[in-house]
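Everything on this sheet refers to the single structure shown next.
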Amino acid sequence: MFQSKRQLRGNLRCLQVLLFVITVSGAHVETPDDNSRIVGGSETTIEEYPYQLSIQLQTKSGVMHKCGASIIGEKWAISAAHCVDEISVRLLSLRAGSTYASKGGSLHKLKKVYMNNYDPDNYENDICLLEVEPPFEYSKSVQAIPMESSPEADGTIGVATGWGRVKEDGKGSDVLKQVSLPILKYDTCSKIYKEIEYDFFLHDGQMCTLDDGEGACQDDSGGPFVVDGNLVGVVSWGLGCAHKEHPGVLSNVSYFRGWVKDVTGI
């Protein structure tokens, strides 16, 4: 979920008064009403990133893009837990094989959602597995992506993709976008968030990217961060969008690799 600084301050003050954990309530975290896209970067096609999925949410006014996700097996996808938390699977589907969030490709219903002790108060373990039906049919525009089992080195360049907002508090693009971002040292990222007004901190299983004018934004949540063809991170949260002083936070796929295998066999 990605929120503005004003929203963040208001949410965190309320949490502080109530003696709740005040770490991530207003960072890059999605709600069902959020609409967001990659900031900066460039347009691309699904053939370049055939593992990319759009989580589609059925609303009273129609179907809308909600979050990103990635194909990891014929009947499996991976995303951020906050994207689907407390939403009926009957209202959710996955669009595969399309460059566009609103049309094309194939739609797949969710059979079941699996979470790993997700904490919605602070976005710890912000990762989920989505079992779909019917299964994905592989083609040039629909492919599974292998998952990384070991942490990547600091400074490594990866690629984030999605249909999120093109600028903070702005509108989104219906066309898939891509952006290259370096991995930021965990300790550096943790220190940055601890020093921003309140006691921000990172959890085990999280990693960061250095967003300097480019990066993920609302509705990019749940989407992939990929290095050398392997899924390394799942977009989770951050303060604002694409601010150098506010790194993007992702769930570290290697940290959850054992859990993914236990659930999916992959």
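None of the values given here were measured: they were computed from a predicted structure.
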Inter-residue atom distance [X].[atom1] - [Y].[atom2], 0.5 Å rounding:
{"X": "Ser251", "Y": "Tyr118", "atom1": "OG", "atom2": "OH", "result": "9.5 Å"}
{"X": "Asp119", "Y": "Asn117", "atom1": "CG", "atom2": "CG", "result": "9.5 Å"}
{"X": "Asn125", "Y": "Ser236", "atom1": "CG", "atom2": "OG", "result": "10.0 Å"}
{"X": "Ser190", "Y": "His203", "atom1": "OG", "atom2": "NE2", "result": "10.0 Å"}
{"X": "Arg257", "Y": "Ser149", "atom1": "CZ", "atom2": "OG", "result": "5.0 Å"}
{"X": "Leu181", "Y": "Thr209", "atom1": "CG", "atom2": "OG1", "result": "5.0 Å"}

With a 4.5 Å heavy-atom cut-off, do [X] and [Y] have their side chains touching?
{"X": "Phe136", "Y": "His108", "answer": "yes"}
{"X": "Leu129", "Y": "Thr264", "answer": "yes"}
{"X": "Tyr255", "Y": "Gln206", "answer": "no"}
{"X": "Pro146", "Y": "Asn230", "answer": "yes"}
{"X": "Ser150", "Y": "Ser254", "answer": "no"}
{"X": "Leu231", "Y": "Phe225", "answer": "no"}
{"X": "Cys189", "Y": "Leu202", "answer": "yes"}
{"X": "Ile71", "Y": "Val142", "answer": "yes"}

Side-chain donor-acceptor pair present, [X], [Y], cut-off under 3.5 Å:
{"X": "Gln178", "Y": "Ser42", "answer": "yes"}
{"X": "Ser221", "Y": "His82", "answer": "yes"}
{"X": "Asp174", "Y": "Ser102", "answer": "yes"}
{"X": "Gln52", "Y": "Thr161", "answer": "yes"}
{"X": "Glu137", "Y": "Ser139", "answer": "no"}

| task | List the steps, then state whether side chain to side chain contact (heavy atoms under 4.5 Å, CB included) holds for Glu47 with Thr99. | result | CA-CA 8 Å; Glu47 286 77 16; Thr99 297; 4.2 Å; yes
Please answer whether the main-chain N or O of [Y] pairs with a side-chain N or O of [X] as donor and acceptor at a distance below 3.5 Å.
{"X": "Arg95", "Y": "Gly105", "result": "no"}
{"X": "Glu195", "Y": "Ile192", "result": "no"}
{"X": "Asp126", "Y": "Ala81", "result": "yes"}

| query | Hey, mind stepping through Leu250 and Val234 against side chain to side chain contact (heavy atoms under 4.5 Å, CB included) and telling me if it holds? | reply | CA-CA 5 Å; Leu250 306 88; Val234 172; 5.8 Å; no
So, for [X] and [Y], which heavy atoms are closest and what is the spacing to 0.1 Å?
{"X": "Trp76", "Y": "Ile266", "result": "CD1-CD1, 3.8 Å"}
{"X": "Ser54", "Y": "His65", "result": "OG-ND1, 2.6 Å"}
{"X": "Asp85", "Y": "Met115", "result": "CA-CE, 3.7 Å"}
{"X": "Leu176", "Y": "Thr45", "result": "CD2-O, 4.0 Å"}
{"X": "Ile157", "Y": "Ser180", "result": "CG2-CB, 4.0 Å"}
{"X": "Tyr138", "Y": "Ala144", "result": "OH-CB, 3.4 Å"}

| task | Start with the C-alpha gap between Met207 and Val253, add the side-chain angles, then the distance that decides, and say whether side chain to side chain contact (heavy atoms under 4.5 Å, CB included) holds. | result | CA-CA 9 Å; Met207 59 181 290; Val253 170; over 6 Å; no
| task | Using a strict cut-off of less than 4.0 Å between a Lys/Arg side-chain nitrogen and an Asp/Glu carboxylate oxygen, indicate whether Glu131 and Lys112 qualify as a salt bridge. | result |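 A salt bridge is absent here (no side-chain N lies under 4.0 Å from a carboxylate O).
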| With Leu130, which of Ile55, Val89, Ile78 fulfils side chain to side chain contact (heavy atoms under 4.5 Å, CB included)? |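 Only match with Leu130 under side chain to side chain contact (heavy atoms under 4.5 Å, CB included): Ile55.
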Common cluster, [X]/[Y], ILVMFWY with side-chain heavy-atom separation under 4.5 Å:
{"X": "Tyr123", "Y": "Ile87", "answer": "yes"}
{"X": "Val263", "Y": "Met147", "answer": "yes"}
{"X": "Tyr186", "Y": "Trp237", "answer": "yes"}
{"X": "Leu107", "Y": "Leu57", "answer": "no"}

| field | From CA spacing to verdict: disulfide (SG to SG under 2.5 Å), Cys83, Cys128 | value | CA-CA 9 Å; Cys83 287; Cys128 69; over 6 Å; no
| request: Show your reasoning for whether side chain to side chain contact (heavy atoms under 4.5 Å, CB included) applies to Ser79 and Val84. | output: CA-CA 9 Å; Ser79 186; Val84 298; 5.8 Å; no
| query | For Asp228, does the CG atom have more than 12 heavy-atom neighbours from other residues, nucleotides or ligands under 6.0 Å away? | reply | no
| field | For Tyr100, ring-ring contact (aromatic ring centres under 6.0 Å, His included) partners two or more places apart | value |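 Tyr100 satisfies ring-ring contact (aromatic ring centres under 6.0 Å, His included) with no residue once adjacent residues are dropped.
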